[in-house]
Amino acid sequence: MAIPRSFIENLRMSCDMENIVSSYVKLKRQGRNLAGLCPFHSEKTPSMVVYPDTQSFFCFGCGAGGDVISFIMRIENLDYVEAVKFLAQRVGMTVPEGETEDRASRMKPIILEINRLTARFYHDILKSPDGEPGRAYFAGRQLTPKTMVKYGLGYAPNTWDALRNYLKEKGFSYEQMAEAGVVNKGRSGSYYDAFRNRVMFPIIDLRKNVIGFGGRVLDDSKPKYLNTNDTLVFKKSRNLFSLNFAKNHTDGRLILAEGYMDVIAVNQAGFENVVATLGTALTPEQARLIAGYAKEVIIAYDSDGAGRKATDRAVGLLEEAGVSAKILQMRGAKDPDEYIKKFGAQRFKLLLDGAGNVTAYRLGDIRSRYDLETPEGRSGYLTEALKYLATLKSPVEREVYAGELASQTGILRETVLSNLEWEVKKNFRREKKKEWQDIASSRELYGDRVNPQRASNLSASLAEEGIIAFLFKNPDYLARILEKTGEEQFVTDFNRKLFHSLVEKLRLNGGAALSDFAGELSPEEMGRLSAIVNRDLPMTEQVLEDYIRGLEDAKCKNISKKAGELSREELLAAVRELQRKKRES
């Protein structure tokens, strides 16, 4: 059954759009509306607008838009029902029982139970004689029995059916196991264990549910690490390993490590505030998740080339999420696990406290590539460093580091600052040009994707959108509008669908809100509807008449173009209908 409209309406009224969006995006007021950097695409000039009057949002860069439910669906990567539940929990409301029952809702508890039993199975195997390979591996990594219990670590035996048979005895079907991602289906149709001969790391969410697994191989098999595929309860891009432990110990600061063993080693050394991504580079969703628990992150990635590349990506995403980043530079060890084993927890704490900021880290990386004892080296270093400093937002920070560059290279401070100012202006012009090119390109692609008929029927489409916007804001005009025009007059299929749905909702409820469409339109279509509804145009009776007349004229031109494709009867019927409409207008 569908969620009652009355509940959705109450939920929408309880969830202020500005309040919800501002918990993810920094907003600035622009007249009646607010603007901010869109979280759904990369940009440096705000193109997302929040409209308090209609409790909606729209991005002029990528086309994302809709109501508060649409926003949560996109930013939390949830389906409609999940987004409703998410918002209801946030404002202390309870979704009516039995109203959201669907296949996904029925499957999620089953998958969570399969995962719970699977974690117990792997842990029990680890403690059994069959778990000797796993115990030997963890002992070699100097993990204590207490740590192994704390993280629920386990071992997947080197068989094809041990877990499958165990879960079958518990009453689960192979299809349910496959949906949980703990077994795979072979080409012949048979099912087999997804993890074999691996030490296992259960992934636990903030509600203490086991949502997935990571497994490290104990031989030379590939891949070295294997994670559960995305399921109904697990999305790699939206979760962090060990956040269930770290969330209550952040003190405003989190340590971001690269893998499971780094996290466990750091935690065992006494630092609870450590997390890691799940086999992927940091994602925007994970950066926003981190922002909910910490204002500062110390990035403790490996010191190799891949680690530096991952660090650069993480820094950018954390900055966009409003989190400051520091970089841990470990000398004498390749990762936190090795550093703690070699130098101890106290030295690691000193290393954390002395972590440098991003600017110092990047300038140091640039400097390491040049020989400052030569004129060529100083020139190359200065040129590359100034290009980087020109990307910094803070003028004060740029000036401070420009002074350091002058000292390091022996160039006059005034000369360095002059060259930096030129780089800043050049960079600004280049970025503005590129961003507006990207926005124009995105608009064109977005329009084509949602309403492909719009470009070739622009006049008709604009008139259709005007009628929809007017009717949305003036529902009491429904009868008068239907006397003069109807969905059969619409030229574009998408706008016809919107008009038809809007009319049905007005007849049934006497009014309509964007939330009423969230369950039936795709995210892209919701964005277009939001754009239509929030058009900043006068809504007078004369404007409505112009829209209706414009649609009639466009329809007439369209019929003229297609006259050769119509039969004699179809052409006469179309002409008579146009004549009737004109007499009545």
Visitor: Walk me through whether Arg207 and Asp205 qualify under salt bridge (Lys or Arg N to Asp or Glu O under 4.0 Å).
Guide: CA-CA 5 Å; Arg207 294 180 291 275; Asp205 69 8; 3.8 Å; yes
Visitor: Among all residues two or more places apart in sequence or in another chain, which pass the ring-ring contact (aromatic ring centres under 6.0 Å, His included) test with Tyr122?
Guide: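 Applying ring-ring contact (aromatic ring centres under 6.0 Å, His included) to Tyr122 gives Phe213.
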Visitor: Carefully, step by step, assess Glu524 and Arg528 under the rule salt bridge (Lys or Arg N to Asp or Glu O under 4.0 Å).
Guide: CA-CA 7 Å; Glu524 291 77 14; Arg528 175 53 63 89; over 6 Å; no
Visitor: Under 4.5 Å between any side-chain heavy atoms of Met73 and Tyr80, yes or no?
Guide: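 Yes; the side chains approach each other to less than 4.5 Å.
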Visitor: Assess the side chains of Thr359 and Arg398: does a donor N or O sit below 3.5 Å from an acceptor N or O?
Guide: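 No, because no side-chain N or O of Thr359 sits under 3.5 Å from a partner of the opposite role on Arg398.
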Visitor: Answer whether the closest heavy-atom distance between the side chains of Val263 and Val275 falls below 4.5 Å.
Guide: no
Visitor: Ring centroids only, cut at 6.0 angstrom: are Tyr151 and Tyr260 within range, meaning strictly under it?
Guide: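 No: the rings miss the under 6.0 Å criterion.
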Visitor: Under 3.5 Å, which donor-acceptor pairs do the side chains of residues 24-36 form with other protein atoms, sequence neighbours left out?
Guide:
| from | atom 1 | to | atom 2 | distance (Å) |
| --- | --- | --- | --- | --- |
| Tyr24 | OH | Glu76 | OE2 | 2.6 |
| Arg29 | NH2 | Glu18 | OE1 | 3.4 |
| Arg32 | NE | Asp53 | OD2 | 3.2 |

Visitor: To the nearest 0.5 angstrom, please state how far the CG atom of Asp67 sits from the OG1 atom of Thr54.
Guide: 10.0 Å
Visitor: Does any donor atom in the side chain of Arg216 or Tyr137 lie under 3.5 Å from an acceptor atom in the other side chain?
Guide: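 Yes, a side-chain donor-acceptor pair sits under 3.5 Å.
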Visitor: Would you find more than 12 non-hydrogen atoms of other residues, nucleotides or ligands less than 6.0 Å from Lys309 atom NZ?
Guide: no
Visitor: Do NZ/NE/NH1/NH2 and the carboxylate oxygens of Glu421 and Lys426 come within less than 4.0 Å?
Guide: no
Visitor: Taking side chain as C-beta onward, heavy atoms only, is Phe195 less than 4.5 Å from Thr228?
Guide: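 Heavy-atom side-chain distance check passes, below 4.5 Å.
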Visitor: Determine, step by step, whether Met48 and Phe58 satisfy the side-chain contact (heavy atoms from CB on, under 4.5 Å) criterion, reporting the C-alpha distance in whole Å, the side-chain angles of both residues, the deciding distance to 0.1 Å, and the verdict.
Guide: CA-CA 6 Å; Met48 186 184 75; Phe58 180 72; over 6 Å; no
Visitor: Would a distance-only check, ignoring hydrogens and angles, find a side-chain to backbone donor-acceptor pair under 3.5 Å from Ser242 to Phe245?
Guide: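 No, the answer is negative, given that no donor and acceptor are paired below the 3.5 Å cut-off.
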Visitor: Quick one: does His249's side chain have a donor or acceptor within less than 3.5 Å of a partner on Glu272's backbone?
Guide: no
Visitor: NZ of Lys150: more than 12 outside heavy atoms within 6.0 angstrom?
Guide: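 Yes.
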Visitor: Specify the closest pair of heavy atoms between Leu256 and Ala276, including all atoms of both residues, with the distance to one decimal.
Guide: CD1-CA, 4.3 Å
Visitor: Is any NZ, NE, NH1 or NH2 atom of the basic residue among Arg369 and Glu384 found under 4.0 Å from an Asp or Glu carboxylate oxygen of the other?
Guide: yes
Visitor: Contact between Arg238 and Leu78 at the side-chain level, heavy atoms closer than 4.5 Å - yes or no?
Guide: yes
Visitor: Got Leu153 and Val199 here, is their nearest side-chain heavy-atom distance under 4.5 Å?
Guide: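 Leu153 does not reach Val199 side chain to side chain.
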Visitor: Can you see whether Tyr301 has Arg308 sitting over its ring - NZ or CZ less than 6.0 Å from the centre and within 45° of the normal?
Guide: no
Visitor: Apply side-chain contact (heavy atoms from CB on, under 4.5 Å) to residues Ile298 and Ile327 and explain how you reach the verdict.
Guide: CA-CA 6 Å; Ile298 298 177; Ile327 315 297; over 6 Å; no
Visitor: Regarding Thr144 and Thr147, is there a side-chain donor-to-acceptor distance under 3.5 Å anywhere?
Guide: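 Yes, side-chain donor-acceptor contact under 3.5 Å.
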Visitor: Given 3.5 Å as the limit, does a donor-acceptor pair link the side chain of Lys235 with the main chain of Thr231, or not?
Guide: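 Yes; judged by distance alone, with no hydrogens or angles, the pair exists.
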Visitor: In plain terms, say whether Lys326 and Asp353 are close enough for a salt bridge, that is, a side-chain N and a carboxylate O under 4.0 Å apart.
Guide: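 No, no charged N to carboxylate O under 4.0 Å.
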Visitor: Which side-chain N or O atoms in residues 376-383 pair as donor and acceptor under 3.5 Å with protein atoms at least two apart or in another chain?
Guide:
| from | atom 1 | to | atom 2 | distance (Å) |
| --- | --- | --- | --- | --- |
| Arg378 | NH1 | Leu372 | O | 2.9 |
| Tyr381 | OH | Gln408 | OE1 | 2.5 |
| Thr383 | OG1 | Ser379 | O | 2.8 |

Visitor: Side chains of Asn534 and Ser530: any donor to acceptor distance under 3.5 Å?
Guide: yes
Visitor: On a heavy-atom basis, which atom in Phe40 and which in Cys62 lie closest, and how many Å separate them?
Guide: CB-SG, 4.2 Å
Visitor: Given Leu328, which of Ile299, Asp335, Leu352 fulfils the side chain to side chain contact (heavy atoms under 4.5 Å, CB included) condition?
Guide: Leu352
Visitor: Just wondering, are more than 12 heavy atoms of other shown residues or ligands nearer than 6.0 Å to CD in Gln89?
Guide: no
Visitor: So, Ser221 and Asn197: side-chain donor and acceptor under 3.5 Å apart, yes or no?
Guide: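 No donor-acceptor contact under 3.5 Å links the two side chains.
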Visitor: Within the 4.5 Å heavy-atom criterion, are Ile411 and Leu405 side-chain neighbours or not?
Guide: no
Visitor: Quick one, Met330 with Lys334, criterion side-chain contact (heavy atoms from CB on, under 4.5 Å). Give me CA distance, side-chain angles, the key distance, then yes/no.
Guide: CA-CA 7 Å; Met330 294 166 285; Lys334 70 178 188 304; over 6 Å; no
Visitor: Just checking Gln329: does its CD atom have more than 12 heavy atoms from other residues, nucleotides or ligands closer to it than 6.0 angstrom?
Guide: yes
Visitor: Taking the six-membered ring for Trp, are Phe348 and Phe271 ring centroids under 6.0 Å apart?
Guide: yes
Visitor: Looking only at atom types and distance, does a side-chain atom of Gln286 sit under 3.5 Å from a main-chain N or O of Asn239, one as donor and one as acceptor?
Guide: yes
